[in-house]
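Working notes, structure below.
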Amino acid sequence: MIRVGVVGAGLIGKERLTALRTLIEQGCPIKVSGVFDASPDLCQKTAAEFRLPALSSLDDLLNTSPDWVMVALPHDVAVSAAETALCAGTKVLLEKPMGRDLTEAARLLAAGGDRLWIGFNYRFYQGISRAFRDIQSGRFGDLISIDFLLGHGCFPGQEKTWKLDGQRSGGGCLIDPGVHMLDLCIQIAPSSLTVKGGSSWQGFWKTGIEEDVSLVLSSGSFSINLRVSIVHWKSTLRMCINGTDAYGVVNGRNRTYGNQSYVVGPRWGWRSAPNQAASEVTEVESDGIDVFTRETEALLFPEKVSEAWPHPGTAKEGYAVMQLLDDIRKALRLRRNFAIEGESGKQQT
Ligand SMILES: NC(=O)c1ccc[n+]([C@@H]2O[C@H](COP(=O)([O-])OP(=O)(O)OC[C@H]3O[C@@H](n4cnc5c(N)ncnc54)[C@H](O)[C@@H]3O)[C@@H](O)[C@H]2O)c1
């Protein structure tokens, strides 16, 4: 039996609890030992909803001797919670990012990086997984370029939450949700990615963070054009792969982003079909709702995973994402130093 404790009962803590409940219903040997959230009301309510013990501190949760602790907290408090759990000897899933900057990421690696995984669940969307395997198998020929767009528009009042507070979240759209895309870029081009240029825009939310970023990255043999935005009113996830033999398009995610589809077409497909659309094959259509379940299962039961990709994000991979983020921040002059909890942060650039 694998014992799991969950810290944080907000949006993603509940996603993890739902994934764990689904796996238990499927017969997986998991026992959720309890949930802890700093909001006692939310903690009680969530514990009742999932029929779990409501725990009153992280120490109480660690006293239940969990094998795994899943940390779904605001970024300014997540690092110390993950460090505490690692020091207690558990395995830890830390929802992305791996700290707010490279210094915090290095602290986490030192605290027990071989027992730490980072929640990069975008790898587990079915369209993205399939497209990656097609890249790896050479289906597109030599890669020419990949375009990524991840954008959403938050919600009215979000500027008053920790998510748009640069000190608490670690920055703007590059760190959240952008690190998901940086992770995918590194998975496609693991040996080297350099920042060729980019620009950033801010001014809608007025909290001092970057709100819309355009980047060009180069792998040496192909380029990646990446746009990430939190002022993109149409919720969008799109990945367009262009190779010498074929192209592939992943579109959508789940819920307001629309279902995810993955379509592949050959070069000049219109020559042998009535039109270009008729030459394309739809490889995946999915509502994307199972993504946290798929990632959680791969974390807890790696022996069940039959495909080479995706695998859960390791701490080393999380650190590589933070290195790329640091390179981008330097290039766009967005780099920050963060104060330890309770102290005020300062902008560096
Ligand atoms: N993978 C994804 O798609 C995805 C999406 C959104 C958020 N996230 C990540 O998940 C994590 C949590 O984000 P969220 O959207 O659930 O945030 P949230 O604000 O909805 O939830 C955070 C919870 O943490 C609790 N909390 C705050 N400080 C605490 C502390 N010191 N100890 C215990 N509880 C504390 C709050 O009461 C709140 O319930 C972040 O790392 C975020 O980047 C991932």
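The shown structure was predicted, so the numbers you read here are calculated from the model rather than taken from an experiment. When reading the values below, keep in mind they use all heavy atoms of this one structure, side chains included, and skip hydrogens, waters and symmetry mates. Numbering of ligands and ligand atoms starts at 1, following listing order.
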Given Pro177, Pro74, Ser80, which one has a non-hydrogen atom that is nearest to atom 24 (O) of ligand 1? Pro74

Please state which protein non-hydrogen atom is closest to atom 8 (N) of ligand 1 and give its distance, to 0.1 Å? Ile12 CG1, 3.4 Å

Between the main-chain N or O of Asn121 and the side-chain N or O of Glu295, is there a donor-acceptor pair closer than 3.5 Å? yes

Are any side-chain N or O atoms of Trp309 and backbone N or O atoms of Gln187, one a donor and one an acceptor, separated by less than 3.5 Å? no

Minimum heavy-atom distance between Tyr257 and Ser235, given as atom pair plus value: CD2-C, 3.7 Å

Out of curiosity, is Lys163 lining ligand 1, as in a heavy atom under 4.0 Å away? yes

Any chance you could measure Met70, atom CE, to Thr296, atom OG1, to the nearest 0.5 Å? 5.0 Å

Considering non-hydrogen atoms of the protein only, which is the closest contact for atom 34 (N) of ligand 1, and what is the distance? Ala38 N, 3.0 Å

Please check if Met322 and Leu217 belong to a single hydrophobic cluster, counting links between Ile, Leu, Val, Met, Phe, Trp and Tyr side chain heavy atoms closer than 4.5 Å. yes

Give the numbers and elements of all ligand 1 atoms closer than 4.0 Å to a heavy atom of Val77. 28 (N), 31 (N)

Based purely on interatomic distance, does Tyr122 place a nitrogen or oxygen under 3.5 Å from a nitrogen or oxygen of ligand 1? no

One finds that the ligand 1 atoms under 4.0 Å from a non-hydrogen atom of Asn121 are 1 (N), 2 (C), 3 (O)

Looking at His75, which atoms of ligand 1 are within less than 4.0 Å of one of its heavy atoms? 40 (C), 41 (O), 42 (C), 43 (O)

Considering all heavy atoms of both residues, which atom of Leu300 and which atom of Ile2 are nearest to each other, and what is their separation? O-CD1, 3.5 Å

Best match, Leu73, Val179, Val291, Asp37: closest heavy atom to atom 38 (C) of ligand 1: Asp37

Taking atom 41 (O) of ligand 1 as the reference point, the nearest protein heavy atom with its distance: Lys96 O, 2.8 Å

What protein heavy atom sits nearest atom 12 (C) of ligand 1, and how far away is it? Ala72 C, 3.6 Å

Check: Thr90 side chain, Ala85 main-chain N or O, donor-acceptor pair, under 3.5 Å: yes

Looking only at protein heavy atoms, which one is nearest to atom 20 (O) of ligand 1, and how far off is it? Leu11 N, 3.0 Å

Without swapping roles, check the side chain of Arg100 against the backbone of Gly171 for a donor-acceptor pair under 3.5 Å. no

Could you tell me which atoms of ligand 1, counted from 1 in the order shown, lie closer than 4.0 angstrom to a heavy atom of His180? 1 (N), 2 (C), 3 (O)

Going from CZ on Arg16 to CZ on Phe292, what distance comes out if it is rounded to the nearest 0.5 angstrom? 5.5 Å

Counting from 1 in the order shown, the ligand 1 atoms closer than 4.0 Å to a non-hydrogen atom of Leu42 are 39 (O)

Take Asp245 and Arg267 through the test salt bridge (Lys or Arg N to Asp or Glu O under 4.0 Å) and record every step on the way to the result. CA-CA 5 Å; Asp245 295 341; Arg267 181 187 66 233; 3.5 Å; yes

Which protein non-hydrogen atom lies closest to atom 32 (N) of ligand 1, naming both residue and atom, and how far is it? Phe36 CE2, 3.7 Å

Check for a donor-acceptor pair, side chain of Thr282 on one end and backbone N or O of Val284 on the other, with a separation under 3.5 Å. no

If hydrophobic clusters are built from ILVMFWY residues whose side chains come within less than 4.5 Å, do Leu215 and Phe222 share one? yes

From the options Ser169, Gly10, Gly119, select the one whose nearest heavy atom is closest to atom 21 (O) of ligand 1. Gly10

Have a look at ligand 1 and work out which part of Asp176, if any, has a heavy atom under 4.0 Å from it: side chain, backbone, both or neither. side chain

For ligand 1, is any non-hydrogen atom under 4.0 Å from Trp162's backbone (N, CA, C, O), its side chain (CB onward), both, or neither? side chain

Looking only at distances, can you tell me whether any N or O atom of Phe292, backbone or side chain, sits closer than 3.5 Å to an N or O atom of ligand 1? no

